[in-house]
Amino acid sequence: MSDDLFAGVRPIRPSPALRARVLAAARVAAERPAWWRALGFRRWDLVWVGAVLVLVVANVATGSGDRPVTVAARPARNRDMVALMRELGVSENAFQAEVEPVTHVQADALMQHILDERI
Amino acid sequence: MTGIDAADLPLVTRDDVSRLQVALAAVGRGEAEALGELFDACGADLYGLALCRTGHIQDAEDVLQEVFVRLARSRAGLGKVRNPRSYLLGMAHRASIDVLRRRRQVVGLDEGLLEATGVDQDRVVDAGRLAALLGELPDAQREAVWLRHFAGLSFAEIGDVTEVPTFTAASRYRLGIARLRRRLGVEP
């Protein structure tokens with residue numbers, strides 16, 4: 001039997017001083033107010049709740065003013081192509097309403113397409 | 001944790017279980033005096049498991065205190081626990097793992113886990129050697145061996161405490177014992 005392996009030995013036991021210390025700590029915990037125990041608050045819980053409150057207050061404090069309006073940059077145009085379109089009577093903005101937002105490369109490609117059809 | 005009937009317990013009498021259930025329920029009602037009874041009945045097992053798991057006396061003491069502080073705080077449901085010893089050992093198991101996570105280092109049993117029960121000098125030597133060999137086992141195997149031999153739990157209870165299936169608990173125990181036997185040169 002494997003019991004033979006452990007014949008004559010036993011685990012070391014907690015000291016009476018440890019018993020007193022543990023029970024004293026437990027009694028202190030048990031004497032906390034009922035609402036405190038019900039919430040199960042511990043030190044790190046309070047730190048966590050405090051951090052969330054700070055973030056909420058900071059968000060409210062910094063978010064109430066006027067925010068700067070974000071302006072999207074318009075795509076740059078190929079000047080020669082714009083001039084050519086003007087000569088042909090094509091508005092450079094004629095296609096933008098349908099395709100915005102467009103990138104520089106996309107705008108040039110669309111203009112090129114329109115010019116190909118006109119010329 | 002509460003899924004084992006008192007009738008299934010092999011090494012603890014039903015009276016013991018009932019007594020612990022009453023004490024646990026009393027703690028649940030806020031009767032702090034019952035904590036002492038629980039300590040006297042299970043404190044040594046909880047301390048031994050914590051020491052077996054963490055490898056350090058200071059950590060084991062912290063675990064023991066943490067278990068009883070948690071008990072004192074969390075009163076709800078204590079009256080419904082069907083197997084108090086497994087319940088408390090499970091708390092010690094989880095508290096030990098928390099300690100190890102905080103410490104973030106591998107367990108090495110640098111404290112004496114066992115002591116000789118008599119004055120036989122040979123057994124004193126054996127206690128030291130056995131403790132050293134136990135310390136060389138993987139954590140899970142060491143815990144299973146300890147829970148089986150020194151806390152007297154069944155494999156089902158060990159599985160309950162360590163949150164693994166019964167088969168896994170039994171397997172860990174057998175592997176641990178087999179390794180101990182090999183190291184001690186003992187034939188099965």
Side-chain angles (χ1 to χ4, degrees), chain A residues 1-68 70 72, chain B residues 27 30-33 35-36 38-40 43-52 57 60-61 64-76 111-118 120 122-124 126-128 130-131 133 145-146 148-151 173-174 176-178 180-181 184 186 188:
Chain A
M1 273 293 288
S2 56
D3 289 336
D4 298 337
L5 289 179
F6 301 101
V9 296
R10 69 180 180 194
I12 64 170
R13 306 176 71 81
S15 65
L18 177 60
R19 181 186 189 277
R21 194 187 91 192
V22 167
L23 293 181
R27 287 195 180 100
V28 168
E31 288 167 1
R32 292 245 168 86
W35 62 268
W36 183 281
R37 287 196 311 273
L39 290 173
F41 271 144
R42 286 186 294 177
R43 185 172 42 187
W44 289 111
D45 295 331
L46 290 175
V47 170
W48 184 85
V49 170
V52 170
L53 284 176
V54 167
L55 287 173
V56 169
V57 170
N59 187 48
V60 169
T62 59
S64 58
D66 292 335
R67 293 170 185 274
T70 304
Chain B
V27 171
E31 298 172 20
E33 301 76 28
L35 287 166
L38 287 176
F39 190 100
D40 293 338
D45 286 344
L46 302 179
Y47 181 69
L49 174 61
L51 184 56
C52 168
I57 284 179
E61 291 179 355
L64 193 57
Q65 180 166 319
E66 180 68 17
V67 167
F68 277 84
V69 166
R70 285 185 190 176
L71 262 185
R73 280 180 181 155
S74 58
R75 295 177 181 175
E111 311 283 3
L113 181 63
L114 304 172
E115 62 185 5
T117 54
D120 185 348
D122 291 340
R123 298 311 308 180
V124 175
D126 285 347
L130 267 174
L133 291 176
V145 169
W146 194 94
R148 178 69 178 153
H149 277 282
F150 297 113
Y173 167 79
R174 290 191 182 109
I177 283 294
L180 277 179
R181 283 187 180 287
L184 287 166
V186 178

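Quick note on labels: first sequence line is chain A, next is B, and so on, each numbered from 1. The figures here come from the full heavy-atom set of this structure, side chains too, leaving out hydrogens, waters and symmetry mates. Nothing here was measured: the structure is a model prediction, and the numbers come from that model.
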Student: How long is the straight-line distance from CZ of A:R27 back to CD of B:E33, given to the nearest 0.5 Å?
Tutor: 7.0 Å
Student: What's the separation between atom CZ in B:F68 and atom CZ in A:R21, rounded to the nearest 0.5 Å?
Tutor: 13.0 Å
Student: What part of B:L35 is in contact with chain A, defined as an atom under 4.5 angstrom from a non-hydrogen atom: side chain, backbone, both or neither?
Tutor: both
Student: Ignoring hydrogens, what is the shortest heavy-atom contact between A:A26 and B:A72? Give both atom names and the distance.
Tutor: O-CB, 3.1 Å
Student: Please report the interatomic distance CG(B:L38) to CG(A:L23), rounded to the nearest 0.5 Å.
Tutor: 9.5 Å
Student: Does the side chain to side chain contact (heavy atoms under 4.5 Å, CB included) test come out yes or no for A:R19 and B:D40, once each step is laid out?
Tutor: CA-CA 9 Å; A:R19 181 186 189 277; B:D40 293 338; 2.7 Å; yes
Student: Please report the interatomic distance CG(B:D45) to CZ(A:R13), rounded to the nearest 0.5 Å.
Tutor: 8.0 Å
Student: Kindly indicate whether the side chain of B:F39, heavy atoms from C-beta on, has any atom under 4.5 Å from the side chain of A:P14.
Tutor: yes
Student: In Å, rounded to the nearest 0.5 Å, how long is the span from CG of B:L51 to CD1 of A:I12?
Tutor: 5.0 Å
Student: Sort B:V145 into side chain, backbone, both or neither according to what part of it lies under 4.5 angstrom from a heavy atom of chain A.
Tutor: side chain
